[in-house]
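Read the structure below first, then the notes.
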Amino acid sequence: MAGELDGNSFVTESNLEALIANYLAFLSPLIDDFIWQNESFYLVTNASKGDVPAHLYGKTKFGDNVDDEWFIVSLLFKISKAFPEICVSISDNDGEFILIEAAHFLPRWLNPDNSKNRVFCS
């Protein structure tokens, strides 16, 4: 989710922990009283590995309640609007499900094979 603070320095684990605290504080009014089907929304740090810098990562089991999945999408959208320096990527067991949902509105040439690392804005 968050990869770089600026073009020259990569985020450290302590920086990422601070970002998690900021993001969760921002989302607190929305998630504090939310009743989750299986697991609640959470973010953790993921150490750098090879060419992938340290970043934030989240994983949630939503079971049969896709409303939880879409609620998480809305939370991540709100975070990305409030903190424009971050980049958010979302996938589920079907893959890039937002790309799948938006298929009728995207150009015909766009598909999962050529959409990697593309940015979509509303």
Side-chain angles (χ1 to χ4, degrees):
M1 197 163 138
E4 288 187 43
L5 289 175
D6 59 44
N8 299 322
S9 63
F10 286 98
V11 174
T12 65
E13 189 167 340
S14 62
N15 294 126
L16 289 174
E17 292 291 342
L19 289 174
I20 290 173
N22 288 341
Y23 298 157
L24 293 179
F26 172 77
L27 294 174
S28 180
L30 300 169
I31 62 176
D32 283 350
D33 294 328
F34 189 80
I35 299 171
W36 299 93
Q37 178 72 23
N38 283 337
E39 291 181 352
S40 63
F41 176 76
Y42 70 95
L43 295 170
V44 295
T45 60
N46 209 356
S48 63
K49 193 175 195 181
D51 291 341
V52 178
H55 58 280
L56 300 182
Y57 175 79
K59 185 176 179 179
T60 301
K61 292 181 184 172
F62 55 87
D64 293 333
N65 191 353
V66 294
D67 290 341
D68 280 7
E69 181 178 27
W70 285 108
F71 182 58
I72 291 170
V73 170
S74 74
L75 294 175
L76 294 174
F77 181 76
K78 289 177 191 319
I79 290 173
S80 70
K81 292 281 266 191
F83 302 92
E85 68 278 5
I86 67 169
C87 179
V88 176
S89 175
I90 306 168
S91 62
D92 68 3
N93 54 330
D94 292 328
E96 298 285 338
F97 69 95
I98 293 178
L99 182 61
I100 294 166
E101 292 291 328
H104 294 294
F105 302 97
L106 295 173
R108 289 194 170 295
W109 57 264
L110 188 65
N111 62 56
D113 295 328
N114 66 13
S115 65
K116 186 173 173 84
N117 297 324
R118 292 189 184 266
V119 176
F120 302 96
C121 301
S122 62

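All heavy atoms count here, side chains included; hydrogens, waters and symmetry mates do not.
Distance check: F41 CZ to L75 CG gives 5.5 Å after rounding to the nearest 0.5 Å. In this structure, the separation between NZ on K59 and CG on N46 is 11.0 Å, given to the nearest 0.5 Å. Expressed to the nearest 0.5 Å, how far CD of E85 lies from OG of S80 amounts to 10.5 Å.
In this structure a side-chain-to-backbone donor-acceptor pair under 3.5 Å is missing from N22 to L19. In terms of modelled atom types and a separation under 3.5 Å, the side chain of D68 and the main chain of Q37 share a donor-acceptor contact. Under a 3.5 Å cut-off, the side chain of Y42 and the backbone N or O of T60 do not form any donor-acceptor pair.
Smallest separation of non-hydrogen atoms from A54 and S48: N-CB, 3.4 Å. Considering every non-hydrogen atom in both T45 and E17, the closest pair reads CG2-OE2, 3.4 Å.
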For V44 and L56, run side chain to side chain contact (heavy atoms under 4.5 Å, CB included): C-alpha distance rounded to whole Å, both residues' side-chain angles, the deciding distance at 0.1 Å, then the answer.
CA-CA 6 Å; V44 295; L56 300 182; over 6 Å; no
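Taking the six-membered ring for Trp and the full ring otherwise, the centers of F83 and F26 sit less than 6.0 Å from each other. Residues F62 and W70 keep their aromatic ring centres 6.0 Å or farther apart.
W36 has its side chain within reach of F71: a pair of non-hydrogen atoms, C-beta onward, lies under 4.5 Å apart.
Residue D32 qualifies as enclosed at atom CG: its count of foreign heavy atoms under 6.0 Å is above 12. The number of heavy atoms from other shown groups lying within 6.0 Å of CG (D33) does not exceed 12.
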